[in-house]
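Chain letters run A, B, ... following the sequence lines, proteins first, then strands; residues in each count from 1.
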There are 2 protein chains.
Amino acid sequence: MPELNRVNGGTSTPILGRKVLRPRQQVEDALRKAVLDGQLRTGDRLPAETELARQFSVSRPTIREALSALESQGLIRKVPGAGGGSFVQAVDHTALGQVVQESMHNLLRLGSISFDEVAIVRQYLEVPAATLAATNRTDEDLEELQELLAEQKRRTVDDPMVAELDAQFHISIARMSGNRILAALVYALHRESEPVSYLDLSPEVGRDTFAQHRHIVAAIAEQDPGAAEAAITEHLTYLRGRIRKHISNQDAATV
Amino acid sequence: MPELNRVNGGTSTPILGRKVLRPRQQVEDALRKAVLDGQLRTGDRLPAETELARQFSVSRPTIREALSALESQGLIRKVPGAGGGSFVQAVDHTALGQVVQESMHNLLRLGSISFDEVAIVRQYLEVPAATLAATNRTDEDLEELQELLAEQKRRTVDDPMVAELDAQFHISIARMSGNRILAALVYALHRESEPVSYLDLSPEVGRDTFAQHRHIVAAIAEQDPGAAEAAITEHLTYLRGRIRKHISNQDAATV
DNA sequence: ATTGTGTAAACTGTCAGACGAATAGCAATT
DNA sequence: AATTGCTATTCGTCTGACAGTTTACACAAT
């Protein structure tokens with residue numbers, strides 16, 4: 001009596017019994033495929049929910065559930081009102097950054113990961129980001145960094161904008177690396193680790209970090225990857241010694 | 001006449017006009033908050049949809065839409081049937097890995113990012129992963145690596161399991177780093193870059209990479225981070241020169 | 001010519017109620 | 001002990017309706 005399941009590795013592929021796909025799942029899969037295969041392009045408008053319900057021979061709530069899933073993934077955007085509908089979205093690497101940030105935010109809240117883990121991984125990626133930025137930056141990139149520097153120079157350490165400007169500085173460098181995944185990950189990691197918030201920020205530390213930022217920008221200006229790597233490494237090492245302990249953290253704190 | 005909007009940075013916080021929250025959004029936010037604040041614990045069962053509809057004074061489809069959003073985020077799991085319902089899930093860093101993998105998969109399909117970007121970032125993270133694994137590995141970790149090595153030794157380069165065993169090898173090392181974010185990111189980056197699939201895999205290359213894997217494991221066994229870093233760097237450098245060009249890729253290919 | 005107001009149309013958001021599908025638990029039968 | 005049948009409880013899907021939102025257009029007022 002031959003076995004009715006074909007054995008493949010550790011799992012069995014049934015000959016007869018296939019897992020049925022529920023209506024909502026079929027609709028969701030079909031629409032996602034249309035988007036990912038390029039059959040639907042960015043900006044294209046999907047038919048109205050009532051029309052999709054007619055085309056797929058399902059009820060409108062089933063369509064709604066499938067569309068909501070695609071919206072959660074960022075593949076479409078829903079617009080109410082006349083001229084509304086579901087529109088295919090331009091999905092780029094910033095969607096990855098946001099999805100990572102949101103997921104890490106939840107995990108931090110749940111205690112599944114720690115700030116230290118976030119901060120350490122951020123540092124692993126900031127070094128190559130600066131190095132690549134030195135190689136790949138444009139003139140406009142450089143101007144932008146210099147403007148950020150000028151804005152930082154105008155601030156004292158008690159200004160609430162200091163943390164935001166620092167974030168913009170590092171996130172911009174990652175963007176200028178030319179590697180979009182690096183940019184997305186550094187964005188998310190930076191936003192979730194909030195390094196400046198945990199820094200013991202005296203006026204002296206403010207001056208030191210500003211000088212280090214200037215060295216980083218100079219290396220990027222000179223398009224010198226080695227100098228950029230050295231400058232960012234020095235900056236991160238300096239900061240590592242000046243972190244207040246996290247209140248909820250039992251381990252040695254790092255930024 | 002004072003302005004009715006309080007200006008804060010580039011955005012305005014209205015004094016009077018606040019963006020209204022739709023019923024579904026309120027329900028979703030309330031349930032998410034209950035999970036993230038620890039009011040609901042892993043394994044807890046939420047009330048039935050009809051009961052939640054009664055408690056929130058909304059219709060059941062509205063509850064369903066809110067629950068579906070939470071399920072998309074991995075915060076709950078829905079179970080049909082008697083004894084079913086919505087259960088709070090244990091969310092750990094593997095959820096981050098999956099979310100990143102899915103997002104990157106879509107972005108690759110859409111052409112928003114390239115394989116090279118994925119592969120390069122993976123390499124940036126594999127070096128510290130091996131280094132940390134040398135420091136933080138347990139005896140069980142080491143046994144697992146040695147078992148993976150033994151399994152790899154049994155395979156010839158045309159065996160379809162070679163790619164999977166290589167993936168397991170690298171992903172396991174990242175897990176042994178003890179940094180959960182690193183583990184999650186390396187998992188996703190490895191799964192999406194599929195390095196072995198793009199390798200020009202001759203028997204000689206197979207032997208060389210196996211020897212390199214053995215050096216990596218030896219360094220991890222000795223708990224020597226410097227040796228682990230050197231071994232993984234050598235391995236990645238070796239592989240970088242032996243990649244077939246990506247079919248859809250215009251740039252120089254790397255792994 | 002420009003601005004403001006009202007209306008209609010077209011879409012999504014939500015509601016109410018019903019039935020189908022899936023599942024666990026329990027009792028009866030073999 | 002294993003199998004089958006039944007019941008209750010939940011989620012999944014359906015139908016139909018109304019509410020809310022938005023755009024476009026027509027018309028009146030300036």
Side-chain angles (χ1 to χ4, degrees), chain A residues 1 4 14 16-32 34-35 40 42-89, chain B residues 14 16-32 34-35 40 42-89:
Chain A
M1 181 64 180
L4 285 184
L16 289 185
R18 301 293 168 107
K19 183 165 180 166
V20 297
L21 287 173
R22 264 73 207 173
R24 170 264 180 92
Q25 193 65 47
Q26 291 177 52
V27 172
E28 182 181 328
D29 292 347
L31 293 176
R32 182 186 297 108
V35 172
L40 290 170
T42 301
D44 279 0
R45 184 184 167 282
L46 270 66
E49 291 174 358
T50 44
E51 174 61 20
L52 284 171
R54 197 190 62 77
Q55 289 182 20
F56 281 107
S57 294
V58 296
S59 71
R60 194 181 142 216
T62 303
I63 294 290
R64 288 187 58 76
E65 297 215 357
L67 290 176
S68 288
L70 295 191
E71 191 181 31
S72 288
Q73 290 183 12
L75 294 177
I76 63 168
R77 171 178 49 94
K78 300 185 76 174
V79 178
S86 299
F87 295 84
V88 179
Q89 282 208 125
Chain B
L16 290 185
R18 301 292 168 107
K19 182 163 179 168
V20 297
L21 287 172
R22 264 73 206 173
R24 171 264 182 90
Q25 193 64 48
Q26 292 177 51
V27 173
E28 184 182 327
D29 292 346
L31 293 176
R32 183 186 298 105
V35 172
L40 290 170
T42 301
D44 278 1
R45 183 182 168 283
L46 270 66
E49 292 173 358
T50 44
E51 173 62 17
L52 285 171
R54 197 190 60 77
Q55 289 183 19
F56 281 106
S57 293
V58 295
S59 73
R60 195 181 141 217
T62 303
I63 295 289
R64 288 187 57 76
E65 297 213 359
L67 290 175
S68 288
L70 296 191
E71 192 182 31
S72 288
Q73 290 183 11
L75 295 177
I76 63 167
R77 172 179 49 94
K78 299 186 78 177
V79 178
S86 298
F87 295 85
V88 179
Q89 282 206 127

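Between the CD atom of A:Glu49 and the C1' atom of C:dA10 there is a distance of 12 Å, rounded to whole Å. Protein atom CG of A:Leu46 is 19 Å distant from nucleotide atom P of C:dA10, rounded to whole Å. Atom CD1 in B:Ile76 sits roughly 10 Å away from atom P in D:dC11 (whole-Å rounding). B:Leu67 has its CG atom 10 Å from the C1' atom of D:dC11, to the nearest Å. The nearest whole Å value for the distance from the CD atom in B:Glu65 to the C1' atom in D:dC11 is 15 Å. Rounding to whole angstrom units, CD1 of residue A:Ile63 and P of C:dG13 are separated by 14 Å. Distance CD (A:Gln26) to C1' (D:dT13): 13 Å, rounded to an integer number of Å. Here the P atom of nucleotide D:dT21 and the CG atom of B:Leu21 are 12 Å apart, to the nearest Å.
With hydrogens and angles ignored, the 3.5 Å screen pairs a side-chain donor or acceptor of A:Gln89 with a backbone N or O of A:Gly74.
Proximity of B:Arg45 to the phosphate of D:dT10: a side-chain N or O atom is located under 4.0 Å from OP1 or OP2. For C:dT14, neither phosphate oxygen OP1 nor OP2 lies less than 4.0 angstrom from any side-chain nitrogen or oxygen of B:Arg64. Contact annotation: B:Lys78 side-chain N/O to D:dG12 OP1/OP2 distance is under 4.0 Å. Regarding contacts with the backbone of C:dC15, a side-chain N or O of B:Thr62 is found under 4.0 angstrom from either OP1 or OP2. Under 4.0 angstrom from either OP1 or OP2 of D:dC14 there lies at least one side-chain N or O belonging to A:Ser59.
Comparing D:dC11, C:dT14, D:dT22 by their nearest atom to the side chain of B:Pro80 picks out D:dC11. Of the candidates C:dT14, D:dT15, C:dT12, the closest approach to any side-chain atom of B:Arg24 belongs to C:dT14.
Within 4.0 Å of B:Pro23, counting heavy atoms only, lie sugar-phosphate atoms of the nucleic acid but no base atom. Within the 4.0 angstrom heavy-atom criterion, no nucleotide atom of any strand lies near A:Gly83.
Two residues are said to be in side-chain contact when any heavy atoms from C-beta on lie closer than 4.5 Å; A:Leu52 and A:Val27 fail this criterion. Between A:Asp29 and A:Arg32 there is a side-chain heavy-atom pair separated by less than 4.5 Å.
A:Arg60 contributes no side-chain N or O that forms a donor-acceptor pair with the base of D:dG16 under 3.5 Å.
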Step-by-step side chain to side chain contact (heavy atoms under 4.5 Å, CB included) determination, A:Ile76 to A:Leu40: CA-CA 11 Å; A:Ile76 63 168; A:Leu40 290 170; over 6 Å; no
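Remark: A:Glu71 does not engage A:Lys78 in a salt bridge, criterion side-chain N to carboxylate O under 4.0 Å.
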